[in-house]
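Basis for what follows: all heavy atoms, side chains included, without hydrogens, waters or symmetry-related copies. Worth saying up front: this structure is predicted, and the values here are computed from it rather than measured. Protein chains get the first letters and strands the later ones, always in sequence-line order, with residue 1 at the start of each.
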2 protein chains.
Amino acid sequence: MKRNTWQRQAVREALDTSQGFVSAQHLYAGLRESGSPIGLATVYRALADLAVEGEADSLQSTEGESLYRACSTQEHHHHLICRNCGTTVEIEADAVEQWAASTAARHGFTEPRHIVDIFGLCAACSAGARGA
Amino acid sequence: MKRNTWQRQAVREALDTSQGFVSAQHLYAGLRESGSPIGLATVYRALADLAVEGEADSLQSTEGESLYRACSTQEHHHHLICRNCGTTVEIEADAVEQWAASTAARHGFTEPRHIVDIFGLCAACSAGARGA
DNA sequence: GTGAGTTTGACAATCATTCTCAGGTGGAAT
DNA sequence: ATTCCACCTGAGAATGATTGTCAAACTCAC
């Protein structure tokens with residue numbers, strides 16, 4: 001059975017506390033800074049578990065890191081991510097779901113899954129970029 | 001200026017010859033097998049160049065590898081990929097482009113870019129899976 | 001409280017990718 | 001055709017994220 005350790009709790013809370021997607025390394029660094037003696041391997045394991053259980057979403061950064069995020073809903077959804085500050089908005093996209101399903105079917109593909117994410121500059125960062 | 005070496009040509013041809021997305025490692029292995037003395041670092045450099053110049057598309061596999069593919073069009077498009085055999089179909093998605101742009105705008109995001117790919121089982125692999 | 005099985009953590013191992021740098025080479029000028 | 005040199009290549013080292021190992025610590029059911 002799955003045990004409930006303070007390490008897992010710590011990872012869960014750290015994820016909840018961060019506003020956008022974070023890397024395992026970053027999360028680990030943050031936990032260590034706040035005094036936790038948690039191990040790196042444990043953070044990786046906890047994140048992988050959370051992702052499997054549906055408590056966290058994950059995506060691949062362009063630099064080859066895996067990024068994680070605690071999402072408010074476990075339902076299928078997508079993300080709108082600020083590539084400057086990391087702020088993330090959860091978005092629904094029924095239209096896209098249907099488009100994906102029908103496109104796959106039209107080409108004879110079955111069991112379609114899809115990756116759909118939008119990266120941009122959030123309102124605040126857009127303003128900042130204009131000023132800077 | 002950009003030089004025209006046989007190594008670059010070899011990478012380009014290897015890319016053209018493969019039907020789906022391939023990893024740099026896989027491409028390198030194939031080239032070596034066919035007798036080419038090309039170096040690994042060179043393959044990485046060539047692929048990175050091709051991607052920048054728009055001659056190749058790239059995406060991140062879930063295992064943290066970068067995958068590359070020579071596409072028939074340099075226009076913006078997306079992919080429908082068989083997760084069993086790697087066969088890839090290029091697809092257009094004006095509807096999705098517009099959805100992405102308007103969704104980003106609605107949340108105050110600017111300069112939207114997006115990642116949209118569909119993974120499934122192609123007709124052949126679907127049939128195979130049923131049989132197996 | 002006890003025992004059995006899970007989880008943890010320090011560190012080694014792995015894997016893709018990038019860096020380094022000495023030697024090779026394309027191609028413009030001659 | 002020859003020369004020249006900035007760019008390219010290749011072998012191996014270096015990097016950085018992630019995973020594996022295994023003994024010790026811990027959780028939970030009883």
Side-chain angles (χ1 to χ4, degrees), chain A residues 1-15 18 20-53 55-70 81 83 86 115, chain B residues 1-15 18 20-53 55-70 81 83 86 115:
Chain A
M1 121 238 356
K2 186 111 333 202
R3 291 192 185 166
N4 211 11
T5 63
W6 66 262
Q7 287 97 332
R8 257 169 226 277
Q9 289 297 343
V11 169
R12 223 189 303 255
E13 281 170 25
L15 253 197
S18 55
F21 279 85
V22 268
S23 68
Q25 298 282 347
H26 189 270
L27 204 62
Y28 170 69
L31 283 165
R32 295 302 291 237
E33 260 187 30
S34 60
S36 172
I38 197 170
L40 177 57
T42 304
V43 173
Y44 275 99
R45 283 186 286 240
L47 286 173
D49 284 351
L50 290 175
V52 167
E53 293 162 21
E55 283 196 63
D57 279 6
S58 67
L59 60 81
Q60 307 291 126
S61 81
T62 42
E63 289 88 32
E65 279 178 308
S66 283
L67 303 181
Y68 297 87
R69 177 162 198 274
I81 304 158
R83 64 171 160 269
I115 294 179
Chain B
M1 123 234 359
K2 188 113 331 205
R3 291 194 189 161
N4 210 12
T5 62
W6 65 263
Q7 286 97 333
R8 259 168 225 279
Q9 289 297 343
V11 170
R12 223 190 304 256
E13 280 169 26
L15 253 196
S18 54
F21 279 86
V22 268
S23 67
Q25 298 284 345
H26 189 269
L27 204 62
Y28 170 69
L31 283 165
R32 295 303 291 237
E33 259 186 33
S34 60
S36 172
I38 198 170
L40 177 57
T42 304
V43 173
Y44 275 99
R45 282 186 286 240
L47 286 173
D49 285 351
L50 290 175
V52 166
E53 293 162 21
E55 283 196 63
D57 278 9
S58 68
L59 60 80
Q60 308 291 127
S61 82
T62 42
E63 288 90 34
E65 277 178 309
S66 283
L67 302 180
Y68 298 86
R69 177 163 198 275
I81 305 157
R83 65 171 160 270
I115 295 179

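Counting any heavy atom pair closer than 4.0 Å across all strands shown, A:Gln25 reaches a base atom. No contact: B:Ser23 has no heavy atom under 4.0 Å from any strand.
Taking 4.5 Å as the limit, some side-chain heavy atom of A:Leu15 sits within range of a side-chain heavy atom of A:Leu47. B:Arg8 is listed as a side-chain neighbour of B:Asp49, based on a closest heavy-atom distance under 4.5 Å. With a 4.5 Å cut-off on side-chain heavy atoms, A:Leu59 and A:Phe21 count as touching.
Atom CG of residue A:Leu27 and atom CD1 of residue A:Ile38 lie 8.0 Å apart, to the nearest 0.5 angstrom.
If you check D:dT9, C:dA10, C:dT8 against the side chain of A:Ala41, the one that comes closest is C:dA10.
Judged by atom type and distance alone, A:Arg3 reaches the base of C:dG5 through a side-chain donor-acceptor pair under 3.5 Å. For D:dG10, its base sits under 3.5 Å from the side chain of B:Arg45 at one donor and acceptor pair at least.
In terms of phosphate contacts, B:Gln7 brings no side-chain nitrogen or oxygen within less than 4.0 Å of OP1 or OP2 of C:dT25. For D:dC26, the OP1/OP2 oxygens have no side-chain nitrogen or oxygen of A:Thr5 closer than 4.0 Å.
Following rounding to the nearest Å, A:His26 (NE2) and D:dG16 (C1') show an atom-to-atom distance of 16 Å. Rounded to an integer number of Å, the gap from OH of A:Tyr28 to P of C:dC11 is 10 Å. Spacing between atom NZ of B:Lys2 and atom P of D:dT9 amounts to 9 Å, rounded to whole angstrom units. For the pair A:Leu40 CG and C:dA13 P, the interatomic distance rounds to 17 Å; values are reported in whole Å. Rounded to an integer number of Å, the gap from B:Gln9 CD to D:dC8 C1' is 14 Å. One atom, OH of A:Tyr44, and another, P of D:dT18, lie 3 Å apart when rounded to the nearest Å. What separates CG of B:Leu31 from C1' of D:dG10 is a distance of 14 Å, to the nearest Å. Spacing between atom CH2 of B:Trp6 and atom C1' of D:dG10 amounts to 10 Å, rounded to whole angstrom units.
Checking A:Gly39 against B:Asn4, the closest nucleotide of DNA chain C that is more toward the 5' end is the one next to A:Gly39.
Within the structure, every pair that satisfies the side chain to side chain donor-acceptor pair (under 3.5 Å) test and touches residues 33-46 of chain A, not counting sequence neighbours, is listed here: A:Gln25-A:Tyr44.
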